[in-house]
K.L.:
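This is the structure, below, for whatever I ask next.
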Amino acid sequence: MNLLIVEDEVRLRNALANNIPWDKHGIEVVGQAGNGMEALRFIDRKKPEIILLDLQMPEMDGLTLAKQLRQSDPLLKIIVLSGHDDFAYAQEALSIGVMKYLLKPAGDEEILETVLEAAEKLRSELEQRHNEDELKQKWEQHLPYLVNDFLQGWLKGKFELWEIEQRSKYLQMNMPKGAQFAVAVVDMDPLPDTETRFSRKDMSLLQFSLGSIVQEYLQSTPCWVVSDYAGYTVVVYKLSGDEAPKEALQRINMLTEKLLFTVLSCLRLTASAGISGTIGGCEDLNKLYVQAVRALQNRIMLGHDLAIPYQEIQGREPEFVLQPNLEKALEIALETGEDDKAADILSALWEGGMAKAETIEEIHEHILYFESLFVRMIQKQGWSVREVAGEDYVYFHNHRELMVKEQIFIWLQRMIKAYLSYARERRKSTSHDMIKTILSLVENEIDQEMTLHAVADRLYVNSSYLSRLFKQETGKAFSTYVMERKMERAKTTLQEGVRVYDAAAAVGYRDVSYFTRVFRKYWGVTPGEVRS
């Protein structure tokens, strides 16, 4: 559950953020704001579920902010922490929907209990909204077949641009000229071994329930929601023309994270999502869809309950113009890492062509066909055919060494495996590059305040994905790593004779007393003792 702290007193704000063990109770502090206007900017980007709010602040007071927030998001939980014990203040705050009014100086334990109470209340409200009766009722409702069918074909790249424009207009899909889109693909994660309410045979029901939750959650968001051929729930976001691409993708990452939390609250089961790495027009929807599916497949390495953004792993963007045939189906299976499906499609391609060849000339023609197919798919990724094929590269320039059909088929099967293996290694390499960038940021900007959310914003990815990736690659939580580097740098600086105040500033602490407490807790001695 995400928490935003809004308090104009710096020392109190830092104490609230750092002295209470939020992480042990599933609460994540996603930001700190010193006034109402700053809080609004945080809320727009971070989408917190709970806000700890002071009343008297510059620029915009707490009550004005609370009124505005309750109008825009009735589910948002607001807790006031104020020094005013005037009954009128408390009465007005409660009348506009503030959950609780705490008086300063409230103890850490009381504040923690109140925030946990707000989190539990939010979960209860979400479960109530999506109760079993409502899901069953939606199961009996008939989805708009024509729109769903059109969107499925559009995602597959089945239609030309003029067909898209004509059909969308006919189906009254409200698509303005020059519209821009982004795509997210959402799927239920595999059931855990401890699950007793559902089994594999219930997956179709769970996938339908997921689609219903997504539909309801995004009902006020400009988008289309459709189920694809694999049973995934696909969200096609319609973007406003005045929003920059990176900011739009950042917003969609945060919105998708919150959506996954809603799914977990309703079904008590996790789901994951893949998000396209770019935005595009009508003619790019298939490419965005392939990116999102490919990103979703990365949950195999990163784990479940994640919104995963697509990351480039090749030198240039592949340009796909998919047609509803086996060639394009094979490209999709390879792009999304579906080993078994790729093998089945290869067999179907084989049975439809090579298996029927009866002369040497026909066999050579089919070998050239398969060679060109693999070369095209590999080079579209910006890869070297020689690197991907390895020892099997010899057959690309000397296919006459392939003597019989069985040998040819085994070679093609090995190429499928080689492609998938190479793609996985490239994905791992991309993850390593991102971690190197983060480590470099920590070292170069150690004199500044650094949070996981701030770094995620700079890299245009969501914080949950970055947290999981960082811990997987380094074995440490991001906050733990930053703390260690700051404390080590501070100790080294103090041993060089630098004053405590300057040592604190060198590692991003403006409050010397707070720095002293953190340093002593970490090293067991005060900064002054190290310096002397």
Side-chain angles (χ1 to χ4, degrees), residues 75 125-156 158 168 171-174 181-192 195 197-238 252-276 285-286 288-297 299 304-308 332 336 338:
L75 285 177
E125 290 177 1
L126 289 171
E127 286 183 348
Q128 186 176 357
R129 288 183 66 184
H130 301 285
N131 58 55
E132 186 176 351
D133 291 339
E134 189 173 354
L135 291 176
K136 286 182 179 178
Q137 182 180 1
K138 286 186 175 295
W139 176 257
E140 296 171 354
Q141 292 176 351
H142 179 64
L143 295 176
Y145 172 77
L146 290 176
V147 173
N148 195 80
D149 185 62
F150 166 64
L151 285 171
Q152 284 185 340
W154 189 6
L155 289 168
K156 292 180 182 179
K158 185 177 180 179
S168 61
L171 295 171
Q172 300 179 339
M173 293 177 66
N174 188 28
F181 305 98
V183 174
V185 176
V186 192
D187 185 36
M188 294 301 300
D189 290 324
L191 295 175
E195 176 58 39
R197 296 168 300 142
F198 302 100
S199 64
R200 285 186 178 182
K201 66 181 180 181
D202 299 312
M203 284 307 296
S204 59
L205 173 61
L206 290 172
Q207 286 176 326
F208 174 80
S209 300
L210 171 65
S212 300
I213 294 170
V214 173
Q215 285 272 14
E216 183 167 345
Y217 183 83
L218 297 176
Q219 60 183 341
S220 60
T221 301
C223 67
W224 295 305
V225 180
V226 60
S227 296
D228 72 357
Y229 70 98
Y232 298 151
T233 296
V234 183
V235 183
V236 180
Y237 290 98
K238 297 183 282 185
I252 289 169
N253 270 266
M254 298 302 300
L255 185 62
T256 305
E257 277 194 309
K258 200 168 183 180
L259 168 61
L260 296 182
F261 170 75
T262 303
V263 174
L264 178 61
S265 299
C266 297
L267 299 178
R268 286 178 286 170
L269 292 170
T270 65
S272 293
I275 304 169
S276 62
L285 199 62
N286 168 255
L288 302 177
Y289 167 65
V290 170
Q291 288 181 354
V293 172
R294 182 173 175 180
L296 178 62
Q297 294 299 321
R299 64 178 163 175
H304 300 156
D305 192 24
L306 278 178
I308 307 171
I332 293 177
T336 55
E338 296 175 279

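Note that the numbering runs from 1 along the sequence shown for the chain. Because only heavy atoms are used, hydrogens play no part in the values below, and waters and symmetry mates are left out as well, while side chains stay in. Source: prediction; values computed, not measured.
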K.L.:
Say you draw a straight line from OG1 of Thr262 to CD of Glu257; how long is it, rounded to the nearest 0.5 Å?
P.N.:
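Answer rounded to 0.5 Å: 12.0 Å.
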
K.L.:
Of all the heavy-atom pairs spanning Cys266 and Ile213, show the shortest one and how long it is.
P.N.:
CB-CD1, 3.8 Å

K.L.:
Ignoring hydrogens and angles, tell me if any N or O in the side chain of Gln152 forms a donor-acceptor pair with the backbone of Ser227 under 3.5 Å.
P.N.:
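Yes.
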
K.L.:
Which heavy atom in Val183 sits nearest to a heavy atom in Tyr289, and how many Å separate them?
P.N.:
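That would be CG1-CA, 4.0 Å.
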
K.L.:
Hey, which of Leu205, Leu269, Leu259, Val186 is the one that makes side chain to side chain contact (heavy atoms under 4.5 Å, CB included) with Leu210?
P.N.:
Val186

K.L.:
I need the minimum non-hydrogen distance between Ala184 and Thr256, along with the two atoms involved.
P.N.:
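Between these two residues, the closest heavy atoms are CB-OG1, 4.5 Å.
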
K.L.:
Going by heavy atoms in the side chains, are Glu125 and Leu75 under 4.5 Å from each other?
P.N.:
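Yes, at least one pair of side-chain atoms sits under 4.5 Å.
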
K.L.:
May I ask you to decide if the ring planes of Phe181 and Trp154 are parallel, tilted or perpendicular, using 30° and 60° as cut-offs?
P.N.:
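The arrangement is perpendicular - the two ring planes meet at more than 60°.
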
K.L.:
Could you report the tightest heavy-atom contact between Gly274 and Ala295, atom names first, then the distance?
P.N.:
CA-CB, 3.9 Å

K.L.:
Measure the spacing between CD1 of Ile308 and CD1 of Ile275 and express it to the nearest 0.5 Å.
P.N.:
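With rounding to 0.5 Å, CD1 (Ile308) is 9.0 Å from CD1 (Ile275).
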
K.L.:
Do Leu155 and Val236 have side chains that get closer than 4.5 Å, going by heavy atoms?
P.N.:
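Result yes, sub-4.5 Å side-chain heavy-atom pair found.
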
K.L.:
How far does CG of Leu151 sit from NZ of Lys156, to the nearest 0.5 angstrom?
P.N.:
12.0 Å

K.L.:
To the nearest 0.5 Å, tell me how far Leu264 CG sits from Glu127 CD.
P.N.:
9.5 Å

K.L.:
Step by step, work out the side chain to side chain contact (heavy atoms under 4.5 Å, CB included) result for Thr270 and Leu260.
P.N.:
CA-CA 7 Å; Thr270 65; Leu260 296 182; over 6 Å; no

K.L.:
Taking all atoms of both residues into account, what is the closest heavy-atom pair of Arg197 and Leu267, and its distance?
P.N.:
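Where Arg197 meets Leu267 most closely, the heavy atoms are NH2-O, 3.0 Å.
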
K.L.:
Indicate yes or no: at least one non-hydrogen side-chain atom of Lys238 is less than 4.5 angstrom from one of Thr221.
P.N.:
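Heavy-atom side-chain distance check fails, nothing below 4.5 Å.
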
K.L.:
If you round to the nearest 0.5 Å, how far is OG of Ser212 from CD of Gln207?
P.N.:
12.0 Å

K.L.:
Could you please spell out the steps behind the side chain to side chain contact (heavy atoms under 4.5 Å, CB included) verdict for Leu255 and Tyr237?
P.N.:
CA-CA 11 Å; Leu255 185 62; Tyr237 290 98; 3.8 Å; yes

K.L.:
Nearest 0.5 Å, please: how far is CG in Asp202 from CD in Glu195?
P.N.:
9.0 Å

K.L.:
How far apart are the closest heavy atoms of Asp189 and Ser272, and which atoms are they?
P.N.:
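Here Asp189 and Ser272 meet closest at OD1-OG, 2.9 Å.
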
K.L.:
Heavy atoms, side chains only, cut-off 4.5 Å: are Val235 and Tyr217 in contact?
P.N.:
no

K.L.:
I want to check something: taking the side chain as every heavy atom from C-beta on, are Met188 and Val263 in contact at a cut-off of under 4.5 Å?
P.N.:
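Touching, per the 4.5 Å side-chain cut-off.
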
